Each structure stands twice: as structure tokens, then as C-alpha cells.
Amino acid sequence: MVDRPYTLLSCGMSIDGYLDDAAQDRLLLSNDADFDRVDEVRAGCDAILVGSNTIRQDDPRLMIRSAERQQARVTRGEPPHPLKVTVTGSCAIDPAARFFALGDVDKLVYCASAAVGSAQERLGEVATIIDAGDPVDLALVMSDLAARGVRRLMVEGGGSMHTQFLTAGLADELQLVVAPFFVGDSRAPRFVSDGDFPWGPGHRARLAGVRQIGDVVLLRYALSDRFQDE
């Protein structure tokens, strides 16, 4: 069994399973109350992971918004924001992206072996570059994070990352928010892509909770025997 952090996947999608639409501007799938819930979940994690496509397309900050939650982390002896982590094959990421530029916290870039040299040249001044195998081995990434003291990891996408964590059996919990509308455009990215998932008609994931938050609904699924109920 891989020594790894407790891993929580967090995602918002439309009724028909899309993470976004095909327009240039980012589609907002949630509401202010749910954004605050996500902020609370982030504050309870040691690290937040996104794929490099998410950095390129969404330019996320991945920081705790609430000053009170930041202070609570500091009081516990933690940095005000969780560690930032990304996984990439090519490392073709802008070093000026908000992932790197914002937040006084370490940034880790796990990349394919063949790209380590170029990644060090491009991102070495703004992040720690780590060889994650060729192709990138998520189990190795998780083991390395555990060795760095990460006990609780939040994976915020995108679809490729969610697919890889789920098909590899490396997820303990899924928090899935469903927005009250359809996208209806096959050009748009979906929650997951094709894959051999551990959960199917003969092995259903356990629904651990349902919560209405304004006009969206939060579904919590227990994906392993490590699931931690609230």
C-alpha cells in the first residue's frame, strides 16, 4: 500500500457533467456560499494540487480567502496557505502565473523525467522541480508528498487529473457540486474522460452525504475505507 496523503477530489460541474463551456471566459458553476465552503475545505488541507492545464487555462490563485482561516492556520503552527502542487509532462507553464506569483508558500512541480532540465531553467526560480518518472507516476508523487509531511491533499482538477486519480484508486473522497444548468457542448471539458474506474454498476461508490447550498447541490462520495466523515 502506497504511503500517501488522505486525498479529496473537489469539483463543480453542470447537470450534464461539464467543468466549463467552450467560451474564453471561465464559466462559474457555483455560488458565493459554496465558494466559502471550498475555502473552508482548503483551509483544512496541507496541499492543493491542480494539473498544468488548469494553471494555463484558469490561472488559479489556490489561496485561502478568509483572513480568519489564515490566522487559524498560523495559530496551529501552519503556513497561512496550503502548499501548491502541480503535475505536468512538459512543464510548459508560465512562471508568472498566479500559482507561482501569489502566496508566501512553497510551490512544487512534479514533471516527467525528460522535462526536468528544461523545467529547472524555466521554473526553478519560482518552484521546486521534482522528477516524477517518465511517464509521470502519480503513486510516486503521492509518496513524495507524504514524505514532505502532507497528510491531507485536495485535488481541484482539471478533468485529466480527476480521471488519473480515480482510475489509479488514489482518491479517498469526492466532493462533487452540481450546478443547476446544462452546457450542452461537446467541445467543452468534462468532469472525467474515458478510463477504467474502480466504481461501476457492480461496485457502486458510497454516497456519504447530500447538501443543498443555495441553487447548487453538494454530493460527497466515500471512495475508500480511509474516508473521513465530518
Side-chain angles (χ1 to χ4, degrees), residues 1-15 17 19 29-30 33-51 54 62 64 66 69 72-73 76 78 81-87 108 110 136-179 190-214 216-230:
M1 181 67 180
V2 175
D3 180 18
R4 63 175 178 82
Y6 181 88
T7 304
L8 181 158
L9 272 58
S10 176
C11 180
M13 70 178 191
S14 63
I15 292 174
L19 300 176
L29 291 155
S30 197
D34 187 58
F35 288 139
D36 186 65
R37 178 197 65 82
V38 170
D39 195 59
E40 183 176 16
V41 176
R42 283 179 175 174
C45 294
D46 301 303
I48 302 172
L49 183 150
V50 295
T54 297
L62 301 182
I64 307 302
S66 164
R69 290 176 184 136
R73 288 177 57 89
R76 296 195 299 267
E78 302 170 359
H81 306 284
L83 188 73
K84 297 185 187 183
V85 183
T86 190
V87 178
L108 305 182
Y110 291 90
V136 171
D137 183 348
L138 274 186
L140 188 155
V141 171
M142 298 292 274
S143 180
D144 187 76
L145 285 173
R148 293 173 186 270
V150 175
R151 302 176 307 279
R152 189 174 180 88
L153 173 69
M154 184 175 184
V155 179
E156 294 200 33
S160 175
M161 279 290 93
H162 287 144
T163 301
Q164 291 180 59
F165 271 91
L166 290 167
T167 56
L170 293 173
D172 302 298
E173 176 179 349
L174 170 62
Q175 296 189 3
L176 186 63
V177 167
V178 182
R190 301 195 68 102
F191 163 44
V192 292
S193 53
D194 295 349
D196 184 12
F197 295 91
W199 308 274
H203 181 212
R204 300 188 179 206
R206 179 170 70 87
L207 181 63
V210 180
R211 175 182 167 193
Q212 182 176 349
I213 307 173
V216 304
V217 62
L218 167 65
L219 306 174
R220 292 184 71 220
Y221 289 95
L223 302 182
S224 82
D225 57 8
R226 306 172 77 207
F227 174 75
Q228 299 171 0
D229 208 351
E230 293 179 339

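Each residue takes its place number in the sequence, starting with 1. Because only heavy atoms are used, hydrogens play no part in the values below, and waters and symmetry mates are left out as well, while side chains stay in. None of the values given here were measured: they were computed from a predicted structure.
Side-chain contact between R69 and D36 is present, with heavy atoms from C-beta onward closer than 4.5 Å. Using a 4.5 Å heavy-atom cutoff, the side chains of L170 and Q164 are not in contact. Counting heavy atoms from C-beta outward, I213 and L218 have side chains that approach closer than 4.5 Å. With contacts defined as side-chain heavy-atom distances shorter than 4.5 Å, the pair L49/M154 does not qualify. Considering only heavy atoms from C-beta on, L174 comes within 4.5 Å of F191 through its side chain. In this structure, the side chains of L223 and L166 come closer than 4.5 Å at one or more pairs of heavy atoms. Under the 4.5 Å side-chain criterion, counting only non-hydrogen atoms from C-beta, L9 is not in contact with Y221.
Looking at every heavy atom in both residues, S66 comes nearest to D39 through N-OD2, 3.1 Å. In terms of heavy-atom proximity, R220 sits nearest to E173 at NH2-OE2, 2.8 Å. Looking at every heavy atom in both residues, S30 comes nearest to V177 through OG-CG1, 4.3 Å. Closest of all the heavy-atom pairs between F165 and M142 is CE2-SD, 3.6 Å.
Among residues two or more places apart in sequence or in another chain, the side-chain hydrogen bond (donor to acceptor under 3.5 Å, both in side chains) test is passed with D225 by none. Not counting sequence neighbours, the partners of A47 by the side chain to side chain contact (heavy atoms under 4.5 Å, CB included) test are L83, V85, V150, L153. The salt bridge (Lys or Arg N to Asp or Glu O under 4.0 Å) test applied to R148 returns D144, not counting sequence neighbours. The salt bridge (Lys or Arg N to Asp or Glu O under 4.0 Å) check on E78 picks up R73, R76, with sequence neighbours excluded. With sequence neighbours excluded, the residues that form a side chain to side chain contact (heavy atoms under 4.5 Å, CB included) with T163 are T167, V192, S193, F197.
Other residues, nucleotides and ligands contribute over 12 non-hydrogen atoms within 6.0 Å of the CG atom of D229.
Remark: M161 CE to C11 SG distance equals 13.5 Å, nearest 0.5 Å. Atom-to-atom distance recorded for R4:CZ and R226:CZ is 4.5 Å, nearest 0.5 angstrom. Atom OG1 of T86 is separated from atom CD1 of I48 by 12.5 Å, given to the nearest 0.5 angstrom. We find the OH-CG distance between Y110 and L145 to be 3.5 Å, quoted to the nearest 0.5 Å. Rounding to the nearest 0.5 Å gives a distance of 8.0 Å between CZ of F35 and CG of L29. Put simply, CD on E40 and SG on C45 are 11.0 Å apart, with the number rounded to the nearest 0.5 Å.
For D34 (side chain) and V216 (main-chain N/O), no donor-acceptor pair under 3.5 Å exists by modelled atom type.
Applying the side chain to side chain donor-acceptor pair (under 3.5 Å) test to pairs two or more places apart or on separate chains, none has a residue in residues 199-212.
Under the 4.0 Å criterion applied to side-chain N and carboxylate O atoms, D172 and R152 are not assigned as salt-bridge partners.
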